[in-house]
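Scroll down for the structure; my scribbles are underneath it.
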Amino acid sequence: MAFSGIGDMFYVLLEMICVVIVVAYLITRTKSFTEVLEGAVTWKGQAILILLFGALSIYGTESGITIAGATANVRDLGPMVGGLSCGPVVGLGAGLIGAAYRFSLGGFTAVPCPVATILAGLLGGLIFLAAGRKFIGMYGAVLFAAGMEMLHMGLTLLLCQPFEQALAVVEEVAIPMIVANTIGVFIFSFIIGNLITERQTKAER
């Protein structure tokens, strides 16, 4: 997808987020996601969520903008939210789907991008466990998303050669990707938070 400047890049990435949010709303209303909120996790439910969040990760890649061999995208969003809200099995599973698809495309960042996507789901899932098998809330999720995308950029600088080209890629995509993924997690967290409050209110009645 062509663009003429960083403003256009932000516009396209935020456009992607709008689509992702609609999908996010639908995912949080599924029976499988409700089971997670109730603590009644099943293998079937986890498999469904892995496929849904994995598909979201693939969408994040397909709708991205290619720059100097890298793609400014929201690929990590599905695994991040899957891990943060449903645990390490869902996060890692979704991350592996998104990573496998990204790796199949090749390119200059064919190694660090898949690694970052897998880590996004796995680390998100570990945070879910550390929080007592609960979603950590909006602020924690947003901080994790920003940190995860900075780690993504760091992996690109560490694993891609020549360093000068890697640096050029990071300079182009870092800010748009950090902002877009953070906004995506923020809105997703808002939806999940509202759902949890809604269920608590209903239970109290």
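Values reported hereafter were calculated over all heavy atoms of this structure, with side chains retained and with hydrogens, waters and symmetry mates removed.
With sequence neighbours excluded, no residue satisfies salt bridge (Lys or Arg N to Asp or Glu O under 4.0 Å) with Arg133. Listed by chain and number, the residues in a side chain to side chain donor-acceptor pair (under 3.5 Å) with Tyr59 amount to none (sequence neighbours excluded). Legend: residues meeting side chain to side chain contact (heavy atoms under 4.5 Å, CB included) with Thr201, ordered by chain and number and at least two apart, are Thr197, Arg205. Partners of Glu198 according to the salt bridge (Lys or Arg N to Asp or Glu O under 4.0 Å) rule, which considers only residues two or more places apart in sequence or in another chain, are Arg29. With sequence neighbours left out, the side chain to side chain contact (heavy atoms under 4.5 Å, CB included) criterion links Ala55 to no other residue. For Ile196, the side chain to side chain contact (heavy atoms under 4.5 Å, CB included) partners are Leu37, Ile192, Gln200, not counting sequence neighbours.
Under the 4.5 Å side-chain contact rule for hydrophobic residues, Leu143 and Phe128 do not share a cluster. With hydrophobic clusters built from ILVMFWY side chains whose heavy atoms lie under 4.5 angstrom apart, Phe53 does not share a cluster with Phe103. Cluster annotation: Phe163 is connected to Val173 through the hydrophobic network of ILVMFWY side chains, with a link wherever side-chain heavy atoms come within less than 4.5 Å.
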Compile the donor-acceptor pairs under 3.5 Å between side chains in residues 182-189 and protein atoms, sequence neighbours left out, one pair per line.
from	atom 1	to	atom 2	distance (Å)
Thr182	OG1	Ile178	O	2.6
Ser189	OG	Val185	O	2.7

Review item, side-chain donor-acceptor pairs of residues 83-96, under 3.5 Å, at least two apart:
from	atom 1	to	atom 2	distance (Å)
Ser85	OG	Val81	O	2.6

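Residue pairs meeting the side chain to side chain donor-acceptor pair (under 3.5 Å) criterion with at least one partner in residues 150-159, sequence neighbours excluded, are Asp76-His152. Screening residues 88-99 for side chain to side chain donor-acceptor pair (under 3.5 Å) gives no qualifying pairs among residues at least two apart or on separate chains. Within the structure, salt bridge (Lys or Arg N to Asp or Glu O under 4.0 Å) contacts touching residues 34-44 (residues at least two apart or in different chains) are Glu38-Arg199. Within the structure, the salt bridge (Lys or Arg N to Asp or Glu O under 4.0 Å) test picks out no pair touching residues 136-155 (sequence neighbours left out).
Of the residues listed (Val169, Leu151, Leu159), the one engaging Pro112 in a side chain to side chain contact (heavy atoms under 4.5 Å, CB included) is Leu159, and it is the only one.
Side-chain contact check for Tyr101 versus Arg75: every heavy-atom pair is 4.5 Å or farther apart.
One distance of note links CG of Leu129 with NZ of Lys134; it measures 13.5 Å at 0.5 Å rounding. In this structure, the separation between CG on Leu155 and CE on Met153 is 9.0 Å, given to the nearest 0.5 Å. To the nearest 0.5 Å, atom CG of residue Leu56 and atom CG of residue Leu49 are 12.0 Å apart. Atom CG of Leu122 is separated from atom CD1 of Ile127 by 10.0 Å, given to the nearest 0.5 angstrom. Between the CG atom of Leu52 and the CD1 atom of Ile27 there is a distance of 5.0 Å, given to the nearest 0.5 Å.
The heavy-atom pair separating Pro162 from Phe108 by the smallest distance is O-CZ, 3.9 Å.
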